[in-house]
Amino acid sequence: MIHYKNYVKPKNLEEAFAMNAKKSAVIAGGFCFLRLQSRNIGTLLDLRDLLSDRIEETEEEFRIGAMVSLRQLELHKGLNDFMSGAAKDCVCHIVGTQFRNCATVGGSIFGRFGFSDILTCFLVMDSWVELYRGGRIPLSEFVAMKADGDIMTALVVKKTGRKAAYEMMRNEAVDFPVLSVAVSEDDNGMTRLAVGARPARASVIETEGLLSVLDGEKRRAEAEKLAARFTYGTNMRGSAEYRKYLAGVLIGRAAGRIGALREGQEGRRDESDMQD
Ligand SMILES: Cc1cc2nc3c(=O)[nH]c(=O)nc-3n(C[C@H](O)[C@H](O)[C@H](O)COP(=O)(O)OP(=O)(O)OC[C@H]3O[C@@H](n4cnc5c(N)ncnc54)[C@H](O)[C@@H]3O)c2cc1C
């Protein structure tokens, strides 16, 4: 069970940052993951009134406020149109609707969880983490950094015209993923791949050439080669060997969906419940 002595709503981010400098202070996002821990917290910082819970779209980017819920990611039509439905695909299997209404983008990205579907997916986009003190940092750099007491204010996705697809394997519908994979391709012939739940934290690589334009056997063989560039581990959900095999299959499948999008076919999943 989690215990906290003080519950504080700081007046502004400057005050929140100063308070968070104390080791005994903890920022609450949706509090969904934190509350399951067994831990004594000195001061729990509630930043709900200071951090945005909106997805703002401009010509250049989407700015996803740290307090945006996973359910908002799932339902946002503009973001999902831009990401070929990958934003929805990466969150829709997480626990249940009520849970996704509560868990936040800030907590999911800042937590840098090894099992994170969200981290895997956004690593293949041109994503930046916006921090109160640290400014904007590419997500690919942020994942490798240690938590440093900063406050995440937003996740930014630049509109650089990538086509993306997300795939994962779960033993059960709402369990943690055994493996997660995201693939994106730009207009200059570069493919980006992220593999997460290896069971280590997601990592990303870039390679020249488009996987989606290859067909059948060639795509499968290339996907297997790319899967071998990541390292895998064993835990109760699967062995390293199984994960490596899965990665090849899921990379090939994601690339196939991007190929379908290129040909104007249905490369994304159902979008009937999307909102503007
Ligand atoms: C039972 C369960 C099953 C789950 N299954 C999955 C799954 O299958 N796939 C998946 O991807 N995820 C899964 N998750 C994780 C979930 O999706 C969220 O990522 C997680 O709950 C964290 O989000 P939160 O808003 O609850 O953050 P919190 O629990 O409130 O915070 C998490 C961490 O982030 C810090 N933090 C929060 N917001 C900020 C901020 N703005 N700035 C700085 N630090 C901040 C907190 O201090 C804390 O260390 C699961 C979680 C639970 C509890």
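One-based numbering along the sequence shown. Both counts, for ligands and for their atoms, begin at 1 and track the order of listing.
Residues D186 and R192 are not paired through a salt bridge, judged by the lack of any N-O separation under 4.0 Å between the basic side chain and the carboxylate. Using a 4.0 Å cut-off between charged nitrogen and carboxylate oxygen, E14 and R133 do not count as a salt-bridge pair.
Nearest to atom 33 (C) of ligand 1 by heavy-atom distance, out of A16, S116, G107, is G107. Comparing heavy-atom distances from atom 46 (C) of ligand 1 across T153, L50, I27 singles out I27 as nearest. Selection from F99, F176, F31, F110 by nearest heavy atom to atom 51 (C) of ligand 1 gives F99.
Between N6 and I41 the shortest side-chain heavy-atom distance does not fall below 4.5 Å. Residues V26 and R39 have side chains in contact (heavy-atom distance under 4.5 Å, counting atoms from C-beta outward). The shortest side-chain heavy-atom distance between Y242 and M169 falls under the 4.5 Å cut-off.
At a 4.0 Å heavy-atom cut-off, ligand 1 does not touch E130 at all. At a 4.0 Å heavy-atom cut-off, ligand 1 does not touch V174 at all. Contacts between V95 and ligand 1, counted as non-hydrogen atom pairs separated by less than 4.0 Å, involve the side chain only. Contact annotation for V91 and ligand 1: no heavy atom of the residue comes within less than 4.0 Å of the ligand. If you look at L47 next to ligand 1, there are no close heavy atoms at all, none under 4.0 Å.
With hydrogens and angles ignored, the 3.5 Å screen pairs no side-chain donor or acceptor of R63 with any backbone N or O of L155.
Geometrically, ligand 1 and F33 share a nitrogen or oxygen pair separated by less than 3.5 Å.
In this structure, atom 1 (C) of ligand 1 lies nearest to the protein heavy atom L36 CD1, 4.0 Å.
Chaining together hydrophobic side chains whose heavy atoms lie under 4.5 Å apart places V156 alongside W128.
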